[in-house]
There are 2 protein chains.
Amino acid sequence: MTKVEYNLDHVDYKILRLMQDNARINNADIARELSMAPSAILERVKKLEQKNVILQYNAKINPAAIDQKLLSFIFIKANDIIGEQKVGILLAEIPEVQEVHDIAGDDGYLIKVRTADSTALVDLMRNTLGKIEGIISTRTTIVLQTVKEEQQLVIPE
Amino acid sequence: MTKVEYNLDHVDYKILRLMQDNARINNADIARELSMAPSAILERVKKLEQKNVILQYNAKINPAAIDQKLLSFIFIKANDIIGEQKVGILLAEIPEVQEVHDIAGDDGYLIKVRTADSTALVDLMRNTLGKIEGIISTRTTIVLQTVKEEQQLVIPE
DNA sequence: TATGAAACCGTAGCCAG
DNA sequence: CTGGCTACGGTTTCATA
């Protein structure tokens, strides 16, 4: 992995702050907010995309609207060779698995999973997780209610 | 809380599938993909926004680019009255806290926190979490590496 | 709800200052 | 980076079905 220099300035930060809350804002509006010319904004946004500062533009969809009512976190103990993440990569391929984190402590992963209900979760664990080689054990935490769920980062001044 | 009917059809699902992967796609392109008129797409997208099916449009920003290199999950035991979530609401107000989930089991919350490094995490726990009334104990899990981190949902056909 | 025409406006590319 | 310019095409509205 190569060391990358991002070299962002205050104007970039302002653009990022506007875009992470409203990805569909147009260049003209950003330009007005920052009192700059639209062409300058366009260049900066393109550079932010090229440099992988902006990774993607997502629409955040209400899980309830498409009947994905159950959220769970599962700790997974695996016998992966350190740094290899064979199990992690397989976990990441499951569409219902939104996140896979390699965590400190017990040679394991923490994954975030969304399913319709508990029946669908049990099915997933049996039929999909159960088929992955190298999983030693799992511990499931069910979410009763979500108070906050955002991906916004704290952007410097 | 009132029961809401979303009543989405296959066309809505297709629109959602396109938009959750590229929030900046334009109506004309969606229209071409679905072989429909742009004006019809515009109406549907507006309705999806009104009905809170689409909650927000976010730019996903590379945490490394703005020096937010540490991700942690913290389990928090609290003496909240059930259903009241006083602690949960206070936790949600912290900008570094991206997620707050009320979890089954130990009268507690699971929160997701992003900070620059472990020093900043310790500061946050001491100065911000430490000031919240009602927190009994915390257990912190540090993420060494993230294999996958998405918010995309599995959208039906 | 969907379409298609028309007016409007933002985008993207250019270049001079 | 600004600002002026242009061509193009996307957005939005509305009458119509």
Side-chain angles (χ1 to χ4, degrees), chain A residues 4-68 152-153 155-157, chain B residues 2-62 65-67 151-153 155-157:
Chain A
V4 187
E5 278 306 331
Y6 293 103
N7 272 109
L8 306 182
D9 67 10
H10 295 214
V11 177
D12 292 317
Y13 290 147
K14 282 184 190 165
I15 294 173
L16 291 176
R17 227 174 288 128
L18 289 170
M19 296 197 79
Q20 84 166 340
D21 288 326
N22 178 16
R24 283 172 78 87
I25 190 171
N26 60 41
N27 290 336
D29 285 344
I30 299 176
R32 270 188 285 272
E33 287 273 351
L34 309 197
S35 307
M36 285 173 70
S39 51
I41 303 295
L42 182 66
E43 274 213 354
R44 280 174 179 268
V45 171
K46 284 202 164 167
K47 272 189 195 147
L48 290 169
E49 290 169 355
Q50 274 170 9
K51 288 194 284 189
N52 279 309
V53 175
I54 296 173
L55 299 173
Q56 210 181 16
Y57 299 104
N58 299 120
K60 183 171 161 190
I61 293 165
N62 187 341
I66 57 168
D67 212 63
Q68 297 254 31
Q152 273 89 333
L153 303 175
I155 297 175
E157 289 296 318
Chain B
T2 342
K3 171 80 180 167
V4 188
E5 278 304 331
Y6 294 103
N7 273 110
L8 306 181
D9 65 11
H10 295 213
V11 176
D12 292 315
Y13 289 145
K14 281 185 189 163
I15 294 173
L16 292 175
R17 226 173 289 129
L18 290 169
M19 296 196 79
Q20 84 165 340
D21 288 325
N22 177 16
R24 283 172 78 87
I25 189 171
N26 58 43
N27 290 336
D29 283 345
I30 300 176
R32 271 187 283 273
E33 287 274 351
L34 309 198
S35 308
M36 286 171 70
S39 49
I41 303 297
L42 180 66
E43 275 216 349
R44 278 174 178 268
V45 171
K46 284 199 166 166
K47 273 190 195 149
L48 290 169
E49 291 169 354
Q50 276 170 7
K51 289 194 283 188
N52 279 307
V53 175
I54 297 174
L55 299 172
Q56 210 182 15
Y57 299 104
N58 299 120
K60 183 172 161 188
I61 294 165
N62 188 342
I66 57 169
D67 211 63
Q151 56 167 195
Q152 273 88 335
L153 303 175
I155 297 175
E157 287 298 316

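The chains referred to below are lettered A, B, ... by the order of the sequence lines, with proteins before strands, and numbering in each begins at 1. Here the structure is a predicted model, which means the values were calculated and not measured. Every heavy atom of this structure was used, including side-chain atoms; hydrogens, water molecules and symmetry mates were not.
Contact annotation: A:Lys46 reaches the phosphate of C:dG13 (side-chain N/O to OP1 or OP2, under 4.0 Å).
If you check C:dT1, C:dT11, D:dC1 against the side chain of A:Ala40, the one that comes closest is D:dC1. Comparing atom distances between the A:Asn26 side chain and each of C:dT11, C:dG4, D:dG10 picks out C:dT11 as nearest.
Among the heavy atoms of the strands lying under 4.0 Å from B:Ala28 are primed sugar atoms or P, OP1, OP2 only; no base atom is included.
The base of C:dG4 sits with one of its N or O atoms less than 3.5 Å from a complementary donor or acceptor on the side chain of B:Ser39.
Mapped onto DNA chain D by nearest heavy atom, A:Arg24 and A:Met36 fall at different nucleotides, with A:Met36 at the one closer to the 5' end. Residues A:Leu42 and B:Asp9 each lie close to DNA chain C; by heavy-atom proximity, the contact nearer the 5' end of the strand is made by B:Asp9.
Separating the CG atom of B:Asn27 from the P atom of C:dT11 is a distance of 14 Å, rounded to the nearest angstrom. Residue A:Arg32 contributes atom CZ, which lies 16 Å from atom C1' of D:dT2 at whole-angstrom precision. Nucleotide C:dG10 holds its P atom 15 Å from the CD1 atom of A:Ile41, rounded to whole Å. Rounded to an integer number of Å, the gap from CD of A:Glu43 to P of C:dT11 is 15 Å.
Looking at A:Asn58, its side chain does come within 3.5 Å of a backbone N or O of B:Gln20 through a donor-acceptor pair. Counting only distance, with no hydrogens or angles, the side chain of A:Gln152 and the backbone of A:Asp21 share no donor-acceptor pair below 3.5 Å.
Residues A:Asp9 and A:Asp12 are in side-chain contact: their nearest non-hydrogen atoms beyond the backbone lie under 4.5 Å apart.
The 12-atom threshold is exceeded at NZ of B:Lys51, counting heavy atoms of other residues, nucleotides or ligands nearer than 6.0 Å.
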